[in-house]
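Structure, as structure tokens:
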Number of protein chains: 2
Amino acid sequence: MDQGDYQILLKEKGLKVTPQRLAVIEAVDVLNDHPTAEEVSMYIRKQHPNIATGTVYKTLDTLTEKNIIKRVRTDRGLLRYDAVKDNHHHIYCTQCDRIEDYYDSELTDMIYGYFEKNRIPDFKIEDIKLEIVGRYTDNRESVRKK
Amino acid sequence: MDQGDYQILLKEKGLKVTPQRLAVIEAVDVLNDHPTAEEVSMYIRKQHPNIATGTVYKTLDTLTEKNIIKRVRTDRGLLRYDAVKDNHHHIYCTQCDRIEDYYDSELTDMIYGYFEKNRIPDFKIEDIKLEIVGRYTDNRESVRKK
DNA sequence: ATTATTGCAAAGACTTTGCAACTCC
DNA sequence: GGAGTTGCAAAGTCTTTGCAATAAT
């Protein structure tokens, strides 16, 4: 995705196109490691020292509401963000606080298929995602400490 | 579960049995609505006005580490807790901030079965859970506001 | 007796808010 | 021109910490 795509995305959702918003979308897209709000904020400060932290938070909220980005669920109480991509699941490492994407359309289809046959009463499913929790058994370094 | 069970649980994990810990376990167990740390803290204060908030947080941490309770993933930046029960999934309502349990052993078995045939390289799975996101189509009242 | 645990209050981390000034359409 | 956005700094919320006092084994 490039700047042009971002602009179209914003317009489609009825949002004004501002440099701040473009910067936030780009940051979440580039930092595609489920960055925290602060990581996004820091990344942006490098290129646009004039964009206020408060604005980054507000923008992250707005973009989340409009489904341009998503919040990732964590169990540590920090808000993390994710560019909207194809359906994917998340692998949570219990050792290192990393969250990795897990793409597997066979699995995704299987789960959606299951719920087509077994509906949850009075509930409309909008999204299904797997939390796969565990730990890596190779010796790869931990990017973030727990 | 009663007090006696809690005590055994603590001892098994090598933790000293203290009234504070018993109170926290009980609170998470009784408030079985995935309470936030603050909700646990408030509930405890009613019966034990002398238990400090800091202690509740510390205890929640300890119990989580020892797997006596679990943290529930949320996308709103608040820590929530869950008594450890049978394997279950979570239904997240996009309207009302409720998190409900979803028990379905057929589904759970299907997913675990899938991963037995399709392992993730260099990764040891410890837990798999579904995030089912959507909204209720009946008119039940929202317990918590969004 | 020894070591873990608690209470307290202060500090810390992260996020939200209010409002005047400024931009985008 | 007007509604929607932003910057700023202050206020909030939730959580963690340090340490002396206390309680569990």
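Keep in mind the model is a prediction, meaning the values are calculated, not measured.
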What nucleotide among D/dT6, C/dT15, C/dT6 has an atom nearest to a side-chain atom of B/Gln20? C/dT6
Using the C1' atoms of the five pairs at each end, what is the angle between the end axes of the helix from C/dA1-D/dT25 to C/dC25-D/dG1, to 10°? 50°
Just the rounded figure in Å: distance from C1' of D/dA23 to CD of B/Gln7. 15 Å
Using whole Å, what does the distance between atom P of nucleotide C/dT5 and atom CD of B/Glu65 come to? 11 Å
Within a strict 4.5 Å, meaning less than it, do heavy atoms of the A/Asp75 and B/Lys70 side chains meet? no
Between A/Tyr114 and B/Asp104, is any side-chain donor less than 3.5 angstrom from a side-chain acceptor? yes
If you take atom types as modelled and just measure distance, does the side chain of A/Lys58 reach the base of D/dG4 with a donor-acceptor pair under 3.5 Å? no
Rounded to whole angstrom units, what separation is found between the CD atom of A/Glu39 and the P atom of C/dA13? 15 Å
Indicate the ring-plane relationship of B/Tyr136 and A/Phe123, choosing parallel, tilted or perpendicular according to the 30° and 60° boundaries. perpendicular
Heavy atoms from C-beta onward define the side chain here; which of D/dT15, C/dT5, D/dT5 lies closest to that of A/Leu15? D/dT5
In whole angstrom, give the distance that lies between atom CG of B/Leu22 and atom C1' of C/dT6. 14 Å
Reckon B/Tyr57 has a side-chain N or O less than 4.0 Å from the OP1 or OP2 of D/dT16? no
Ignoring the backbone of B/Pro19, work out which of D/dT15, D/dA24, C/dG7 is nearest its side chain. D/dA24
Starting from P on C/dT15, measure out to CG on B/Leu78 and report it in whole angstrom. 11 Å
When you measure from the side chain of A/Ser41 to the backbone N and O of A/Ala37, does any donor-acceptor pair fall under 3.5 Å? no
Among the nucleotides C/dT15, D/dC14, D/dT6, which one has an atom lying closest to any side-chain atom of A/Thr18? D/dT6
Rounded to whole angstrom units, what separation is found between the CG atom of A/Asn50 and the P atom of D/dT5? 19 Å
Within 6.0 angstrom of B/Lys11 NZ, more than 12 heavy atoms from elsewhere: no
Between C1' of C/dT6 and NE2 of B/His48, the distance in whole Å: 14 Å
Should the ring pair A/His90 and A/His34 be called parallel, tilted or perpendicular, given that the plane angle runs from 0 to 90° and is split at 30 and 60? perpendicular
In whole angstrom, what separates B/Asp75's CG from C/dT15's C1'? 15 Å
When you get a sec, tell me which of D/dT15, C/dT15, C/dT5 is the closest nucleotide to the side chain of B/Leu79? D/dT15
Residue mapping more 5' on DNA chain D - nearest nucleotide basis, B/Gly54 or B/Lys11: B/Gly54
B/Lys16 or B/Thr55: which one's nearest nucleotide on DNA chain D is closer to the 5' end? B/Thr55
Just by distance, with hydrogens left out, do B/Asp29 and B/Tyr6 show a side-chain donor and acceptor under 3.5 Å apart? yes
